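Worksheet: one structure, shown below.
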Protein chains: 2
Amino acid sequence: MAQQDGRLGQEGMATEEKDPKTGTAGGTMRADGNPDDSRGSLFRSNLPRPTMADVARLSGFSAMTVSRALKDGASVSATTRERILGVIEEIGYVPDLTAGGLSSKRSGFITALVPTINNSNFSDTACGLTDALSERGLQLLLGYTDYSSGREEELISAMLRRRPEGMILTGGFHTERARRLLESAAIPIIETWDLPEAPVDQVVGFSNADASRAMVHHLVERGYRNIGFIGGSSNRDTRGADRRAGYEAAMSELGLGEGHIITFGTPPISMEQGGQAIAQMIEQWPEVDAVICVSDLSAFGVIMECHRRGWSVPGRVAVAGFGDFEVSRCCWPSITTVTVNSYDIGKQAGELLLSTIDRIRAGEEVAPATVKIDFKVVSREST
Amino acid sequence: MAQQDGRLGQEGMATEEKDPKTGTAGGTMRADGNPDDSRGSLFRSNLPRPTMADVARLSGFSAMTVSRALKDGASVSATTRERILGVIEEIGYVPDLTAGGLSSKRSGFITALVPTINNSNFSDTACGLTDALSERGLQLLLGYTDYSSGREEELISAMLRRRPEGMILTGGFHTERARRLLESAAIPIIETWDLPEAPVDQVVGFSNADASRAMVHHLVERGYRNIGFIGGSSNRDTRGADRRAGYEAAMSELGLGEGHIITFGTPPISMEQGGQAIAQMIEQWPEVDAVICVSDLSAFGVIMECHRRGWSVPGRVAVAGFGDFEVSRCCWPSITTVTVNSYDIGKQAGELLLSTIDRIRAGEEVAPATVKIDFKVVSREST
DNA sequence: CTGTTAGCGCCTTCAC
DNA sequence: GTGAAGGCGCTAACAG
């Protein structure tokens, strides 16, 4: 039976069957009883797809009228449009947006680059973007940089070749060449999730350093004094580095010494790495009574490791995270964190982009704006 | 005017060559270090971007030779290429892929649709895809359906207008119109994460029902008999529905009755919903000694709720999940789950797509393949 | 309301 | 190794 194949299957091995009908998968796969497996054999022909000219010929109108019938506000008589749409439906015509974009000089999409797509913060931002853009029929082309500015540069270069009408970036750090490319691209750029000192163009973000500062203050108010910080080892994640800098600044401002910092693994630092880091922290500085983690994920790892070792949270050590991920709300004890409206960052960035595009098209001068997004320390059980 | 400012730039690269078209220096921009915040004011002009014809004119060659110099295997003398690349660098020429695609009939990208980008399973698949495709210079255009087949249909329609060279889908359920669109698109389609009964074309996946079955067997082997299932309430998530069906089938096959099913919330069901579901489960059927959750996220929520209520896991109730998310490895107790090589699904799908594209281009007949991906039950502390 | 003309920027094809 | 002509599929800008 198929289930046994699966259960006993070798890890990482895959088996390819040429004909599923005689394969090992058993009867469960072909329950529709269709003996012919003709999928794929017909429609992959290299025949040319119907074009607007085909629709024009078949409907008896010119291509231009077909084009108008497909647009929203165009002036076409109802009967004409009806007939044209009928032909389109009949022959399965699908408009070619790239050809249209070539002549109208509007590609109809914008690009967003995030460090990773597997992070609810950034995917929420992507959702906000999608929502803002789709109201105007713009599509979102998403790319992920893996926290590497080199990959970001490559992506920027690759994306620009498709002529996006705008670009959303995460953070304010880019390679020299990336900045040059962006500057000569002549499209609006929005940097997000940060407040860069030297922005490329527009900005929708917040100060990660200030957020960290606020968290230090929160812990101090709750009576903690020996506060440590857990983060990634390199500075690939500039927002993480900003959070660390904010922590150090706050500690020094409050006269709490230089602080205790454990850096562990390349960003994004994982749950497991958080667990390893807290062990190292407590071994090195047993006096530590609270830790701020660069993200909720590492904070969660810290808490689980504390469970394992029998250290009570927040009794032995208080734990704070960053980002308000679901896991920190649901975890026991729930995790004190910094919450940012990730969706709103995307929504606002999308709206700012749209209005900028409009103004440029109208020939107006556009003064680059900076939209500040609020953050808030959310106090939970872990502190 | 903006153009004049642009010419003042001293830190840019080239200022000698004027763009014959506009009489201004092409695209160089004042570097930072200016007290004024002049971002965005210069480079957003509506000036036309340099084209291949500009490069041709400035380098003294024809556009065709420029085009060749940009390709890999083309026959251009070294000195010619060098000069051309020099001009390109100088004036900041960026090739227009959409124009190229229009004439070469190769868009240079493929599309992948996933239910959500905020899920490490699907984002790992996207990474595998990216890796497989980038070897051949193909880009990935990612879209997310939010588990809605209506949105999937819209996305398919929108994507097809950009003429992707292939398409990766998640799951085997699509609307009628979506299937029609796909079938007449004349490009290779790969459905993933499932083994559809009536595939559109190619498949790279596994049986979710069989995976669930395997989990029931695992629990029975460990002595559990009153096994419940926690999942989403609707059938929007067909893979979730398959897992539930596999659970029911296994229970009945093993003579363990009809099983106990709590459905809670619309998929993807959250951690918090998992927590609420287990409370309901235990209240309704106190005899339950093990639960299978539709995903690791809900399983985690179950475990946290059990902590809160003082129910030991697996003492009072054993808990199993699906998907091998990081949280289930790191959580305490760690969660028994079904692991699937998500990255491999993407990698294999990408490679299958590439070879299919090659074969079609070579005029070969392509028999649709089904690649089965193995899964495995990973036993951990929670059972 | 509808049609004609002329490209958009590049690549294919064929010349040399 | 290089160039010239033509066209990919569509739309802007004018006609009528």
Side-chain angles (χ1 to χ4, degrees), chain A residues 46-85 87-88 91-108 137 160-165 186 361, chain B residues 19 21 46-85 87-88 91-108 137 160-165 186 361:
Chain A
N46 264 326
L47 292 178
R49 311 211 54 185
T51 71
M52 191 173 271
D54 295 326
V55 179
R57 193 167 1 88
L58 262 38
S59 66
F61 291 94
S62 71
M64 200 52 236
T65 302
V66 175
S67 173
R68 289 193 184 104
L70 254 15
K71 286 194 83 167
D72 249 358
S75 47
V76 185
S77 84
T79 53
T80 303
R81 164 173 282 136
E82 206 171 321
R83 187 141 86 223
I84 288 174
L85 294 183
V87 173
I88 286 176
I91 67 174
Y93 166 69
V94 176
D96 186 329
L97 249 49
T98 63
L102 187 59
S103 70
S104 70
K105 296 176 154 304
R106 311 192 54 155
S107 62
L160 250 24
R161 288 160 196 249
R162 298 196 182 277
R163 303 288 187 261
E165 298 184 30
R361 275 189 191 280
Chain B
D19 183 338
K21 254 179 176 168
N46 264 326
L47 292 177
R49 307 212 54 183
T51 73
M52 193 173 269
D54 295 327
V55 179
R57 192 160 6 83
L58 291 169
S59 65
F61 291 93
S62 71
M64 201 50 240
T65 302
V66 175
S67 173
R68 289 192 184 105
L70 253 14
K71 288 194 81 165
D72 249 357
S75 50
V76 185
S77 84
T79 52
T80 302
R81 163 171 285 132
E82 204 171 322
R83 188 142 83 221
I84 288 174
L85 293 183
V87 172
I88 287 176
I91 68 172
Y93 166 68
V94 177
D96 186 328
L97 249 49
T98 63
L102 186 59
S103 61
S104 70
K105 296 173 152 308
R106 311 191 54 156
S107 62
L160 251 25
R161 287 158 197 249
R162 299 197 181 274
R163 301 287 187 265
E165 299 185 30
R361 274 189 191 280

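Quick caveat: nothing in here was measured; it's all calculated off a predicted structure. So that the names make sense, note that chain A is the first sequence line, chain B the second, and so on, each numbered from 1. Note: hydrogens, waters and symmetry copies are ignored here, and every other heavy atom, side chains too, is used.
- Atom NZ of A:K71 is separated from atom C1' of D:dG9 by 15 Å (rounded to the nearest Å).
- The CG atom of A:D72 sits 16 Å away from the C1' atom of D:dT11 (whole-angstrom rounding).
- With hydrogens and angles ignored, no donor-acceptor pair under 3.5 angstrom links the side chain of B:R163 to the base of D:dG9.
- Between the CZ atom of A:R162 and the C1' atom of C:dC8 there is a distance of 17 Å, given to the nearest Å.
- You'll find that the side chain of A:T80 is closest to C:dT2, out of C:dT2, D:dT2, C:dC11.
- Judged purely by atom type and a 3.5 angstrom limit, B:T98 has no side-chain atom pairing as donor or acceptor with the backbone of A:T98.
- Distance from the side chain of A:S62 is smallest for C:dT4 among the nucleotides C:dT4, D:dA4, C:dC1.
- Out of C:dC1, C:dG3, C:dT12, the shortest distance to the side chain of A:F61 is found at C:dG3.
- B:R83 has its CZ atom 16 Å from the P atom of D:dG1, to the nearest Å.
- Whole-Å rounding puts the B:R161 CZ to D:dG9 P distance at 17 Å.
- As a whole-Å value, the separation of B:R81 CZ from D:dG1 P is 10 Å.
- Expressed to the nearest 0.5 Å, how far CG of A:L97 lies from CG of A:L102 amounts to 12.0 Å.
- Of the candidates C:dC11, C:dG3, C:dG9, the closest approach to any side-chain atom of B:M64 belongs to C:dC11.
- The 5' end of DNA chain D is approached more closely, in terms of each residue's nearest nucleotide, by B:S75 than by the other of A:L70 and B:S75.
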For residues 52-59 of chain A, dump all side-chain donor-acceptor pairs below 3.5 Å to protein atoms at least two apart in sequence or in another chain.
from  : atom 1 : to    : atom 2 : distance (Å)
A:D54 : OD1    : A:R57 : NH2    : 2.5
A:D54 : OD2    : A:T51 : N      : 2.8
A:S59 : OG     : A:V55 : O      : 2.8
A:S59 : OG     : A:A56 : O      : 3.3

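- The side-chain heavy atoms of B:L70 and B:I88, taken from C-beta on, include a pair separated by under 4.5 Å.
- Residues that satisfy the salt bridge (Lys or Arg N to Asp or Glu O under 4.0 Å) test with B:R106, not counting sequence neighbours, are B:E165.
- Contact of B:R49 with C:dG9 (side chain to base): no donor-acceptor pair of N or O atoms is detected under 3.5 Å.
- Residues from residues 94-105 of chain B with heavy atoms under 4.0 angstrom of DNA chain D, sorted by number: B:L102, B:S103, B:K105.
- Put simply, the side chain of A:P164 reaches to within 4.5 Å of the side chain of A:L160, judged on heavy atoms.
- In this structure, B:R106 places its CZ atom 16 Å from P of D:dG9, rounding to the nearest Å.
- Atom CG in A:D96 sits 10.0 Å away from atom CZ in B:R162 (nearest 0.5 Å).
- Using a 4.0 Å heavy-atom distance criterion, A:S67 is classed as a sugar-phosphate-only contact.
- Using a 4.0 Å heavy-atom cutoff across all strands shown, B:M52 reaches sugar-phosphate atoms only and no base atom.
- Between C:dT2 and A:S77, a contact under 4.0 Å exists linking OP1 or OP2 to a side-chain N or O.
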